[in-house]
Amino acid sequence: MKLPLDINKIKGFLDPDEGAALFDHCMTASELGPCLEVGSYCGKSTVYLGEACRRSGTVLFAVDHHRGSEEHQLGEQYHDEDLYDEQLGLMDSFKSFRVNMRLAELEETVVPIVASSMVAAKKWATPLGMVFIDGGHSLDAAMTDYRSWSRHIVPGGILAIHDIFPDPKDGGQAPYTIYKLAKSSGLFEELIRVKTLGLLRRV
Ligand code: SAH
Ligand code: MG
């Protein structure tokens, strides 16, 4: 997989092996329909998914309110002062996201949706080839993402979930909870796990 820019230059929370797995599965899933991610931040995952969508001639919807998750807020563990709007007193990763989409030559492929996952999903009606969930990590946020988006995945399409920690010692349980829900729903079959990324296929 050759990416259109040096991926290490983009801030974010995605391991290169996880990115490669997203790219590979998106290459086939994007043949089935446009793809969507929840949680773009500065666009690291967006580049892997977007590049696959570009090659398939489809689009990637990139949903993020760009106000950061709990852990990105001022004073929290993953706060980044470069992404903080002093005047508003709010996080704003959209500027950086836009710069990166331009550098990655993905402006004709990626459709940014600057809104919360819940608002973006409200009137959604487009069937999707792949959905990547990497948004808020509260149980409420993860459940909203799962309920809002998994139902739009076409048969044969892919549901990818980030930050899966089967052992509670390693991290929060919300993404793992929706992963298990997807599995037990009978609507998805487990494909593969790559580090903290889980991939399932819509049956
Ligand atoms: N996928 C990114 C990392 C995402 S970090 C990467 O590859 O680096 C999580 C992102 O989810 C943050 O940018 C945050 O703003 C966004 N987010 C959190 N809760 C959200 C919600 N309810 N709706 C939309 N975006 C949300
Ligand atoms: Mg994540």
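All ligand and atom numbering here is 1-based and tracks the order in the structure. Throughout, numbering of the chain's residues begins at 1 and tracks the sequence.
To the nearest 0.5 Å, atom OH of residue Tyr146 and atom OG of residue Ser117 are 14.0 Å apart. A distance of 12.0 Å separates NE2 of His25 from OG of Ser30, quoted to the nearest 0.5 Å. Interatomic distance, Met130 CE to Leu60 CG, rounded to the nearest 0.5 Å: 9.5 Å. Here the CZ-OG distance, from Phe13 to Ser69, works out to 8.5 Å after rounding to the nearest 0.5 Å.
Atoms of ligand 1 lying under 4.0 Å from any heavy atom of Gly68, numbered from 1 in the order shown and given with element: 14 (C), 15 (O). Set against the non-hydrogen atoms of Gly135, the atoms of ligand 1 under 4.0 Å away are 11 (O), 18 (C). Ligand-side atoms of ligand 1 in range of Leu14: 7 (O), range being under 4.0 angstrom from any heavy atom. Applying the 4.0 Å criterion to heavy atoms of Gly12 picks out, from ligand 1, the atoms 8 (O). Near Ser40, meaning under 4.0 Å from any of its heavy atoms, are these atoms of ligand 1: 2 (C).
Proximity of Ala141 to ligand 1, defined as any heavy-atom pair under 4.0 Å, is not found for any part of the residue. With a 4.0 Å heavy-atom cut-off, ligand 1 is reached by the backbone of Ala115 but not by any atom from C-beta on. If you look at His72 next to ligand 1, the close heavy atoms, those under 4.0 Å, all belong to the side chain.
Considering both main-chain and side-chain atoms, Phe13 comes within under 3.5 Å of ligand 1 through a nitrogen or oxygen pair. Any N or O atom pair closer than 3.5 Å counts here, and Gly39 shares at least one such pair with ligand 1. Looking at Ser45 next to ligand 1, an N or O pair under 3.5 Å apart turns up. Distances between N or O atoms of Ser117 and those of ligand 1 include at least one value under 3.5 Å. The N/O atoms of Gly136, backbone and side chain alike, include one that comes under 3.5 Å of an N/O atom in ligand 1.
With respect to the Mg ion (ligand 2), Asp134 has OD1 as its nearest N, O or S atom. Residue His162 approaches the Mg ion (ligand 2) most closely through its N/O/S atom ND1. Here the N, O or S atom of Asp163 that is nearest to the Mg ion (ligand 2) is OD2.
In this pair, His66 and Phe97 present their aromatic rings tilted. The plane angle is within the 30 to 60° band. Ring-plane geometry between Tyr179 and Tyr176 is classed as parallel, the angle between the planes falling under 30 degrees on a 0 to 90 degree scale with a further cut at 60.
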Task: Residue pair Glu37, Asp134: steps toward the side-chain contact (heavy atoms from CB on, under 4.5 Å) verdict - done: CA-CA 7 Å; Glu37 72 171 359; Asp134 192 18; over 6 Å; no
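Nearest non-hydrogen protein atom to atom 10 (C) of ligand 1 is Asp64 OD2, 3.4 Å. When hydrogens are left out, the protein atom nearest atom 17 (N) of ligand 1 is His65 CE1, 3.6 Å; that is the closest non-hydrogen contact.
Side-chain contact between Val194 and Asp15: absent, with no pair of heavy atoms (C-beta onward) separated by less than 4.5 Å.
What you find for Leu128 and Cys35 is that their closest heavy atoms are CD2-C, 4.4 Å. Residue Gln173 comes nearest to Pro168 through the heavy atom pair NE2-CA, 3.3 Å, listed as atom of the first residue, atom of the second, then distance.
A salt bridge is defined here as a Lys NZ or Arg NE, NH1 or NH2 lying under 4.0 Å from an Asp or Glu carboxylate O, and Glu18 with Lys195 fails to meet this definition.
Comparing heavy-atom distances from atom 9 (C) of ligand 1 across Asp15, Asp163, Asp134 singles out Asp134 as nearest.
Not one N or O on the side chain of Ser150 forms a donor-acceptor pair closer than 3.5 Å with the backbone of Arg147.
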